[in-house]
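Data first, discussion second: the structure below is written as structure tokens.
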Protein chains: 2
Amino acid sequence: MSVEHDDLCSVQCIHEEKVAATIELMPSEDITQALAHIFKTLSDNSRIKILFALKHNELCVCDLAAVTGSSESSVSHHLRLLRADKLVKYRREGKVVYYSLADEHVEKIFEQGLGHVTE
Amino acid sequence: MSVEHDDLCSVQCIHEEKVAATIELMPSEDITQALAHIFKTLSDNSRIKILFALKHNELCVCDLAAVTGSSESSVSHHLRLLRADKLVKYRREGKVVYYSLADEHVEKIFEQGLGHVTE
DNA sequence: TCAACATTTGAACAACTGTTCATATGTTGA
DNA sequence: TCAACATATGAACAGTTGTTCAAATGTTGA
């Protein structure tokens with residue numbers, strides 16, 4: 001009764017000024033969610049492989065399945081997510097759809113990621 | 001019987017040379033997995049907020065809970081993942097543990113990510 | 001028009017993830 | 001030593017995700 005969980009307990013060790021100042025500098029919820037979302041799209045091994053495969057060539061779904069060692073259906077599902085986040089673009093040539101990287105951002109993000117991984 | 005799924009069907013549209021050349025240029029499984037792993041760690045909104053909060057100050061778990069609006073337990077679980085990937089470091093001062101960014105890689109990765117998001 | 005094929009889509013399932021709650025660990029000051 | 005507190009940890013639960021299988025689109029050449 002005397003010690004409620006939200007009123008006292010969790011306020012005891014807080015550095016108020018620092019917290020207030022930090023909150024001021026925080027980006028909006030929209031931005032943090034957008035960042036989390038793009039990293040989520042990049043957080044799957046199959047999708048990483050697809051993006052690496054597209055680094056030098058445009059490739060069709062069949063090719064990507066062969067390169068990454070997954071089924072065409074699986075690749076297609078992944079490509080849908082990559083398309084939704086504008087990480088890849090595509091063009092149709094007859095029955096075949098060729099995918100390629102949307103821009104060079106992906107490669108730069110990868111470089112930074114690799115920089116952290118291999119340090 | 002005549003048309004087996006792995007023998008013929010999925011080999012029909014493949015551009016063999018391009019596929020072979022692309023496979024040559026692919027990074028190792030270890031590398032793609034490591035990349036996927038680091039992006040997975042960055043793919044959660046709470047963890048993104050924690051890292052942004054640590055951009056200017058070192059902060060204790062309580063502070064981080066207040067800034068991010070989550071429970072201390074939740075923050076602590078997230079910090080464990082961030083520690084495991086060497087994205088944050090920490091120092092103990094009495095009962096309080098202060099966390100800070102491990103290096104400037106995180107910020108650079110964020111910059112690239114934001115570049116893609118806000119374009 | 002039709003068969004063949006490349007791709008996409010949807011449902012279903014197991015595996016994984018984030019949060020909460022309860023409990024444990026460490027640290028301080030009395 | 002002990003209570004108080006900051007943090008960490010483990011189990012459990014709902015929600016999400018990646019894959020597979022089956023079926024549906026497009027698209028071409030006959």
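- Mapped onto DNA chain D by nearest heavy atom, B:Val96 and A:Ser73 fall at different nucleotides, with B:Val96 at the one closer to the 5' end.
- When the P atom of D:dT17 is taken as reference, atom NZ of B:Lys40 falls 10 Å away, rounded to whole Å.
- When rounded to the nearest whole Å, the span between CZ of B:Arg80 and P of D:dG10 equals 7 Å.
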message = Run the side-chain hydrogen bond (donor to acceptor under 3.5 Å, both in side chains) test on B:Ser70 and B:Thr68 for me, step by step, so that the C-alpha distance in whole Å, both residues' side-chain angles and the decisive distance to 0.1 Å come before the verdict.
response = CA-CA 6 Å; B:Ser70 15; B:Thr68 65; 2.8 Å; yes
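- The interatomic distance linking A:Leu79 (CG) with C:dT7 (C1') rounds to 10 Å, in whole Å.
- Considering only side-chain N and O atoms, B:Ser46 lies under 4.0 angstrom from the phosphate OP1 or OP2 of C:dT19.
- Straight-line distance from the CZ atom of A:Phe39 to the C1' atom of C:dT17: 18 Å, rounded to whole Å.
- Judged by distance alone, with hydrogens and angles left aside, the side-chain atoms of B:Asp44 form a donor-acceptor pair with the main-chain N or O of B:Ser46 at under 3.5 Å.
- The side chain of A:Val61 sits closest to C:dT8 out of C:dT8, D:dT27, D:dA8.
- A continuous path of Ile, Leu, Val, Met, Phe, Trp and Tyr side chains, each step under 4.5 Å between heavy atoms, connects B:Met26 with A:Leu54, placing both in one hydrophobic cluster.
- Checking side-chain atoms of A:Arg92 against main-chain N and O of A:Gly94 turns up a donor-acceptor pair under 3.5 Å.
- Residue A:Arg47 is the one, among A:Arg47 and A:Lys95, whose nearest nucleotide of DNA chain D lies closer to the 5' end (criterion: closest heavy atom).
- If you chain together hydrophobic residues whose side chains sit under 4.5 Å apart, B:Leu82 and B:Val96 never meet in one group.
- Mapped onto DNA chain C by nearest heavy atom, A:Tyr98 and B:Asp44 fall at different nucleotides, with A:Tyr98 at the one closer to the 5' end.
- Put simply, OH on B:Tyr90 is 15 Å from C1' on C:dT27, counting in whole angstrom units.
- Proximity of B:Tyr99 to the phosphate of D:dA6: no side-chain N or O atom is located under 4.0 Å from OP1 or OP2.
- Across all strands shown, C:dA3 is found opposite D:dT28 as a Watson-Crick or G-U wobble partner, with both distances under 3.5 Å.
- Relative to the side chain of B:Val97, the nucleotides C:dT9, D:dA8, C:dG26 differ in distance, and D:dA8 lies closest.
- Counting distance only, with no hydrogens placed and no angle test, the side-chain atoms of A:His77 and the base atoms of D:dT20 include a donor-acceptor pair under 3.5 Å.
- Counting atom types as modelled, A:Ser71 pairs no side-chain N or O with a base atom of D:dC21 as donor and acceptor under 3.5 Å.
- Going from atom CD1 of A:Ile50 over to atom C1' of C:dT7 covers 14 Å, rounded to whole Å.
- With hydrogens and angles ignored, no donor-acceptor pair under 3.5 angstrom links the side chain of A:Ser74 to the base of D:dT20.
- Taking every side-chain heavy atom of A:Glu72 into account, C:dT7 is the closest of C:dT7, C:dC5, D:dT9.
- Base pairing analysis places D:dA12 opposite C:dT19; the two distances defining the Watson-Crick or G-U wobble pair are each below 3.5 Å.
- Between the CD atom of B:Glu93 and the C1' atom of D:dT7 there is a distance of 15 Å, given to the nearest Å.
- Summarising the geometry, the separation between CG on B:Asn45 and P on C:dT19 is reported as 9 Å, rounded to the nearest angstrom.
- For B:Arg83, whose side chain is taken as the heavy atoms from C-beta onward, the closest listed nucleotide among C:dT7, C:dC5, D:dT9 is D:dT9.
- Between A:Arg92 and C:dA6, a side-chain N or O to OP1/OP2 separation shorter than 4.0 Å is absent.
- A donor-acceptor pair under 3.5 Å is absent between the side-chain atoms of B:Asn45 and the main chain of A:Ala36, judged by distance alone.
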